[in-house]
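These notes are about the structure you will find just below.
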Amino acid sequence: MITEHDLAVGFEHDGQVLKRFVMRAATIADSIAAVSKAPTVDDKDFVGAAVHNDLTVRIFKAAEQLQFVDAPELAVTGEMLLDLADEDADVIIAAQDDVAKKRKAALSGLSPTTTSLPASDS
């Protein structure tokens with residue numbers, strides 16, 4: 001599942017402002033990569049544990065999912081996305097939610113015999 005979106009401000013690359021991007025549905029591997037790449041924060045309550053800011057992990061996961069249409073060769077990183085304008089974070093998060101919702105809707109009608117877990121409140 002892939003969706004297309006436009007950043008509000010964009011990302012400058014090789015003299016070109018990139019705005020149009022595709023977002024593919026996230027995988028478990030994307031989540032693991034995001035947690036392993038995202039910087040940790042110091043927290044005295046979690047001695048010896050890696051603690052991450054939820055928004056930072058989400059942005060790093062987006063880096064695994066996102067590709068710029070006008071620069072498909074560009075390897076997007078979490079650090080690159082952290083440098084985007086704040087308005088673009090809202091677009092990226094909405095794109096993640098959109099592709100997840102569309103994937104869930106597409107999979108919900110696959111088979112009447114498919115067993116599913118109860119929906120979570122989150």
Subject >> Candidate pair Arg58 and Ile93, rule side-chain contact (heavy atoms from CB on, under 4.5 Å), full reasoning >> reply: CA-CA 8 Å; Arg58 188 134 189 215; Ile93 290 168; 3.4 Å; yes
Subject >> His13 to Ala71 - nearest heavy-atom pair and separation >> reply: CD2-CB, 4.1 Å
**OP:** Consider only side-chain heavy atoms of I, L, V, M, F, W and Y, link residues closer than 4.5 Å, and tell whether Val9 and Ile92 are in one cluster.
**Re:** no
Original post:
Should Met1 and Val91 be counted in the same cluster of Ile, Leu, Val, Met, Phe, Trp and Tyr side chains packed under 4.5 Å apart?
Top reply: yes
Subject >> Value rounded to 0.5 Å, distance of NZ in Lys101 from CD in Gln96 >> reply: 13.5 Å
Subject >> Gap between atom CG of Leu18 and atom CG of Asp70 - 0.5 Å precision >> reply: 6.0 Å
Original post:
Are the charged groups of Glu64 and Lys37 less than 4.0 angstrom apart, N to O?
Top reply: yes
**OP:** Could you check Thr3 against His5 for side-chain contact (heavy atoms from CB on, under 4.5 Å), going step by step and ending with a plain yes or no?
**Re:** CA-CA 7 Å; Thr3 58; His5 306 271; 2.6 Å; yes
Original post:
If you take all heavy atoms of Gly78 and Ala63, which pair is closest and at what distance?
Top reply: N-CB, 3.4 Å
Subject >> Pairwise distance CZ(Arg103) to CZ(Arg24) - rounded to 0.5 angstrom >> reply: 9.5 Å
**OP:** Anything under 30° is parallel, anything over 60° is perpendicular, the rest tilted; go ahead and classify Phe21 against Phe68.
**Re:** perpendicular
**OP:** Among Leu82, Asp30, Leu55, Leu81, find the one that has a side-chain contact (heavy atoms from CB on, under 4.5 Å) with Phe60.
**Re:** Leu82
Original post:
With no hydrogens and no angle check, is any side-chain donor or acceptor of Glu87 less than 3.5 Å from a backbone partner on Ala8?
Top reply: no
Subject >> Distance in Å, Gln16 CD paired with Leu74 CG, rounded so as to fall on 0.5 Å steps >> reply: 10.5 Å
Subject >> Test log, rule salt bridge (Lys or Arg N to Asp or Glu O under 4.0 Å), inputs Lys19 and Asp6 >> reply: CA-CA 5 Å; Lys19 289 188 176 187; Asp6 291 297; over 6 Å; no
Original post:
Between Leu66 and Val22, does a side-chain contact (heavy atoms from CB on, under 4.5 Å) hold up when you go through it step by step?
Top reply: CA-CA 6 Å; Leu66 186 151; Val22 293; over 6 Å; no
Original post:
Going by an N to O cut-off under 4.0 Å, is there a salt bridge joining Lys102 and Asp97?
Top reply: no
Subject >> Spacing of Leu84 atom CG and Asp90 atom CG [to the nearest 0.5 Å] >> reply: 11.5 Å
**OP:** Apply the test side-chain contact (heavy atoms from CB on, under 4.5 Å) to residues Val99 and Gln65: give CA-CA distance (whole Å), side-chain angles for both, the deciding distance (0.1 Å), then the verdict.
**Re:** CA-CA 10 Å; Val99 73; Gln65 301 171 259; 4.3 Å; yes
Subject >> Exercise: identify the closest heavy-atom pair between Ala26 and Lys61 >> reply: CB-CD, 4.1 Å
**OP:** Of all the heavy-atom pairs spanning Ala38 and Val57, show the shortest one and how long it is.
**Re:** CB-CG2, 4.1 Å
